[in-house]
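A quick write-up on the structure given underneath.
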Amino acid sequence: QVQLGESGGGLVQAGGSLRLSCAASGRTFSSYAMGWFRQAPGKEREFVAAITWLGRTTYYADSVKGRFTISRDNAKNTMYLQMNSLKPEDTAVYYCAAGPRIVTAPAYDYWGQGTQVTVSS
């Protein structure tokens with residue numbers, strides 16, 4: 001069982017940066033693949049980025065590639081999403097998720113409650 005909690009969201013101007021954190025409870029955090037998803041009003045939840053359990057391989061949606069960086073610190077049971085060059089279209093609630101393997105569909109076993117990111121133009 002893993003419990004997840006996101007933090008770090010907020011309001012930022014276009015071109016700015018934010019770093020999201022996802023803190024996990026449970027001794028098995030390091031055995032899970034982790035991902036970030038986002039959901040804007042009226043839209044489906046979409047894949048943003050994912051990272052394997054050792055952090056050696058990362059995956060990104062085309063829309064964030066080159067601007068966002070996913071990382072994890074298994075010693076701290078924490079995953080991060082560094083978001084640079086933010087655009088208004090990045091505005092959404094961002095969720096972290098954990099599961100046994102990397103998938104780009106929102107089919108992970110565990111989810112956080114979400115954190116709001118708003119990018120003003």
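Since the structure is predicted, the reported quantities are computational estimates derived from the model, not experimental observations.
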Report summary line: Heavy atoms of P88 and A14 approach each other most closely as CD-CB, 4.1 Å
**Report entry** Transitive ILVMFWY side-chain link I70 to F37, under 4.5 Å
**Finding:** no
Query raised in the report: Roughly how far, to the nearest 0.5 Å, is the CD atom of Q82 from the CG atom of L20?
Result: 9.0 Å
Query raised in the report: Within a radius of less than 6.0 Å around CH2 of W111, do more than 12 heavy atoms belonging to other residues, nucleotides or ligands occur?
Result: yes
Report task. May I ask you to check whether over 12 heavy atoms, not counting those of K65, lie within 6.0 Å of atom NZ? Result -> yes
Query raised in the report: With side chains defined as the heavy atoms from C-beta onward, is the minimum distance between M79 and W36 less than 4.5 Å?
Result: yes
Report task. Would you check if the distance from the ring center of F47 to the ring center of Y60 is below 6.0 Å? Result -> no
Requested in this report: Kindly indicate whether the side chain of D90, heavy atoms from C-beta on, has any atom under 4.5 Å from the side chain of R67.
Outcome: yes
Query raised in the report: Does T91 use its side chain to pair, donor to acceptor, with the backbone of E89 at less than 3.5 Å?
Result: no
Query raised in the report: Which pairs with one or both residues in residues 75-114 pass disulfide bond (SG atoms under 2.5 Å apart), sequence neighbours excluded?
Result: C22-C96
Query raised in the report: Any donor and acceptor pair, going by atom type alone, linking the side chain of E6 with main-chain N or O of Q113 inside 3.5 Å?
Result: yes
Query raised in the report: Do you know the tightest heavy-atom contact between S71 and I51?
Result: CA-CD1, 3.7 Å
**Report entry** Side chain proximity check, T104 to Y59, heavy atoms < 4.5 angstrom
**Finding:** no
Report task. Heavy atoms only: give me the nearest A33-I102 pair and the separation to one decimal. Result -> CB-CD1, 3.7 Å
Query raised in the report: Residues in side chain to side chain donor-acceptor pair (under 3.5 Å) with Q116, at least two apart?
Result: T118
Query raised in the report: Would you say the side chain of R38 lies within less than 4.5 Å of the side chain of R45, judging by non-hydrogen atoms?
Result: no
Requested in this report: Look at the aromatic rings of Y94 and F68 and report parallel, tilted or perpendicular, splitting at 30° and 60°.
Outcome: tilted
Report task. Could you walk me through whether Q39 and Y95 pass the side chain to side chain contact (heavy atoms under 4.5 Å, CB included) test, one step at a time? Result -> CA-CA 8 Å; Q39 189 166 17; Y95 299 89; 4.2 Å; yes
Query raised in the report: If we only count heavy atoms from C-beta on, is the V117 to M83 side-chain gap below 4.5 Å?
Result: yes
Report summary line: Rounded to the nearest 0.5 angstrom, the CE-CG distance for M34 and N74 is 9.0 Å
**Report entry** Least distance between heavy atoms, D109 atom then P100 atom
**Finding:** OD2-CD, 3.2 Å
Query raised in the report: Any side-chain heavy atom of V103 within less than 4.5 Å of one from Y108?
Result: yes
Report task. Quick one: closest heavy-atom pair of Y32 and A98, and the distance? Result -> CB-CB, 4.2 Å
Query raised in the report: Once you round to the nearest 0.5 Å, how far does OG of S121 lie from CD of Q13?
Result: 9.5 Å
Query raised in the report: Are V48 and L86 grouped together when hydrophobic residues (ILVMFWY) are joined by side-chain heavy atoms under 4.5 angstrom apart?
Result: yes
Query raised in the report: Between R72 (side chain) and G55 (backbone), is there a donor-acceptor pair under 3.5 Å?
Result: no
**Report entry** Close side-chain approach of T115 and S7, heavy atoms under 4.5 Å
**Finding:** no
Query raised in the report: Going by heavy atoms in the side chains, are L81 and T69 under 4.5 Å from each other?
Result: no
Query raised in the report: Would S17 and N84 count as having a side-chain donor-acceptor pair, cut-off 3.5 Å?
Result: yes
